[in-house]
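See structure below.
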Amino acid sequence: MTTLVIDRSTDVQSVAFAKDGALVASRVLEGADARSGDWVVRVADFLSENGADVKSLSRIVVGTGPGSFAGIRSALAFAQGCAAGSGCEVLGLTSAAAYAQGEGPLAVVGDARRGLFWIALFDGFRLAVPVFQTDRETLKLRVPLSAKVVSPDARRIGDVLAEDFESRFDANCGAPLAEGLARAALANPSLLKSEPLPIYLNPAVRD
């Protein structure tokens, strides 16, 4: 079983490669332009360096966000195009799973815009509560008291999270990476969903 994992839910684009149930390699695609096709070439080079190519993949796993709608859609389109040519399986999981840890409760909190926050709750590698939204007034109440709190959007909402969760908030967790997604998927395959779609929290509106 060979697996390529891709996350493009933030401006930190990353890939990972797993084989026979073990993580083999991972990489952040430094300098890749999210708006161009350059990242596809970088993914192909990454696979080649690890003795694989698209045709040899058993499956491609894509982080489905929440996050950059365009980045997630392009990653899914790439995976589906590869599947059409090679017959590999395409699976998805929330990009929040990249932060999941082996034990203990964890709340991943992101900026859903418009004064809202999204939350995904984990118990170890199990997604205890799928992604949902809440407002500022109820944010603190929706996170278990024992949960550590991390965020891919610490630059935007870090002050709010530090105020509400104090020492439980880790402001330095960084962006979700494909390596973390690969580890979570290997630890708990039930996180993976067939026919994945981006997690789109709000309907598109015209400004």
Set out, in order, the CA-CA distance, both residues' side-chain angles and the distance that settles side-chain contact (heavy atoms from CB on, under 4.5 Å) for Val109 and Trp118, then state yes or no.
CA-CA 6 Å; Val109 182; Trp118 62 261; over 6 Å; no

inquiry  = Check this for me: does any side-chain nitrogen of one of Lys140 and Glu166 sit under 4.0 Å from a carboxylate oxygen of the other?
reply    = no

| message | Counting neighbours of CG on Leu145 that are heavy atoms of other residues, nucleotides or ligands and sit closer than 6.0 Å, is the number greater than 12? | response | no

Value for CG (Leu139) from CD1 (Ile157), rounded to nearest 0.5 Å, stands at 7.5 Å

Atom CG of Asp159: over 12 foreign heavy atoms under 6.0 Å: no

Here the gap from Leu4 atom CG to Cys82 atom SG, rounded to the nearest 0.5 Å, amounts to 8.0 Å

For the backbone of Ala70 and the side chain of Ser74, can you confirm whether one donor and one acceptor N or O come within less than 3.5 Å of each other? yes

I'd like to know if the side chain of Ser95 and the backbone of Pro176 have a donor-acceptor N/O pair within less than 3.5 Å.
no

Subject >> Arg156 side chain near Arg113 side chain, heavy-atom distance below 4.5 Å >> reply: yes

To the nearest 0.5 Å, atom CG of Leu76 lies from atom CD1 of Ile6 at 8.5 Å

Go through the steps for Val143 and Phe117 under the test side-chain contact (heavy atoms from CB on, under 4.5 Å), then give the verdict.
CA-CA 12 Å; Val143 174; Phe117 302 82; over 6 Å; no

Between Arg136 and Asp164, is any pair of side-chain heavy atoms under 4.5 Å apart? yes

Pairing of Glu49 and Arg27 as salt bridge, 4.0 angstrom limit: yes

>> Could you walk me through whether Val28 and Glu179 satisfy the side-chain contact (heavy atoms from CB on, under 4.5 Å) test, starting with their C-alpha distance in whole Å, then the side-chain angles of each, then the deciding distance to 0.1 Å, before giving a yes or no?
In response: CA-CA 9 Å; Val28 173; Glu179 178 178 352; over 6 Å; no

message = Between Leu93 and Val61, is there a side-chain heavy-atom distance shorter than 4.5 Å?
response = yes

Rounding to 0.5 Å, atoms CG (Asp53) and CG (Asp45) come to a distance of 12.0 Å

Closest non-hydrogen contact found for Gly102 with Phe125 is CA-CE1, 3.4 Å

For Glu30, does its backbone N or O pair with a side-chain atom of Arg42 as donor and acceptor, under 3.5 Å?
yes

Exercise. Keeping the roles fixed (side chain from Asp153, backbone from Asp111), state whether a donor-acceptor pair exists under 3.5 Å.
Key: yes

>> Tell me if a side-chain donor or acceptor on Thr3 pairs with a main-chain N or O of Arg59 at a distance below 3.5 Å.
In response: no

Open item on the list: Please tell me whether Tyr200 and Val90 are part of a single hydrophobic cluster in this structure, the criterion being side-chain heavy atoms less than 4.5 Å apart.
Closed with: no

Residues Ala112 and Gln133: closest non-hydrogen pair is CB-OE1, 3.2 Å

Nearest heavy-atom approach of Ala154 to Ser151 is N-OG, 3.6 Å

- Has the side chain of Thr138 got a donor or acceptor atom that lies under 3.5 Å from a matching backbone atom of Thr134? no

The reported gap from CG in Leu57 to SG in Cys88 (rounded to nearest 0.5 angstrom) is 6.0 Å

| request: Taking only Lys NZ, Arg NE, NH1 and NH2, and the carboxylate oxygens of Asp or Glu, determine whether Asp123 and Arg126 approach each other closer than 4.0 Å. | output: yes

Are Val15 and Val54 grouped together when hydrophobic residues (ILVMFWY) are joined by side-chain heavy atoms under 4.5 angstrom apart?
yes

When rounded to the nearest 0.5 Å, the distance separating CH2 of Trp39 from OG of Ser14 is 11.0 Å

- Query: Stepwise, does the side-chain contact (heavy atoms from CB on, under 4.5 Å) test hold for Leu23 with Arg183?
  - Reply: CA-CA 7 Å; Leu23 180 65; Arg183 294 188 189 281; 3.4 Å; yes

Smallest heavy-atom separation, Gly92 atom then Thr64 atom, equals CA-CG2, 4.1 Å

(Q) Quick check: do Pro152 and Val108 have side-chain heavy atoms less than 4.5 Å from each other? (A) yes

>> Check for me, please, whether Leu177 and Leu106 land in the same ILVMFWY cluster - side-chain distances under 4.5 Å, paths through other members count.
In response: no

Are Phe169 and Phe122 connected in a single hydrophobic cluster, I mean Ile/Leu/Val/Met/Phe/Trp/Tyr linked by side-chain heavy atoms less than 4.5 Å apart?
no

Ala97 and Ala184 have their tightest heavy-atom pair at O-CB, 3.5 Å

Closest non-hydrogen contact found for Gly63 with Ile72 is O-CG2, 3.8 Å

**Item:** Side-chain donor/acceptor of Asp170 to backbone N/O of Asn172, under 3.5 Å
**Value:** yes

Answer yes if Leu91 and Leu197 sit in the same cluster of Ile, Leu, Val, Met, Phe, Trp and Tyr residues linked by side chain heavy atoms under 4.5 Å apart, and no otherwise. no

Please verify the inter-ring angle class for Phe17 with Phe46; under 30° counts as parallel, over 60° as perpendicular, anything in between as tilted. perpendicular

*Donor-acceptor contact present, side-chain Tyr99 to main-chain Gly174, <3.5 Å*: yes

Original post:
Counting only N and O atoms by type, is there a donor-acceptor contact under 3.5 Å from the side chain of Ser58 to the main-chain atoms of Thr2?
Top reply: yes

Considering only heavy atoms from C-beta outward, does the side chain of Arg8 approach that of Arg73 to under 4.5 Å?
no

Next item on the list: Check whether any side-chain heavy atom of Leu121 lies under 4.5 Å from a side-chain heavy atom of Pro105, and answer yes or no.
Entry: no

Looking at Arg168 and Ala147, would you say the former's side chain and the latter's main chain have a donor-acceptor pair under 3.5 Å? yes

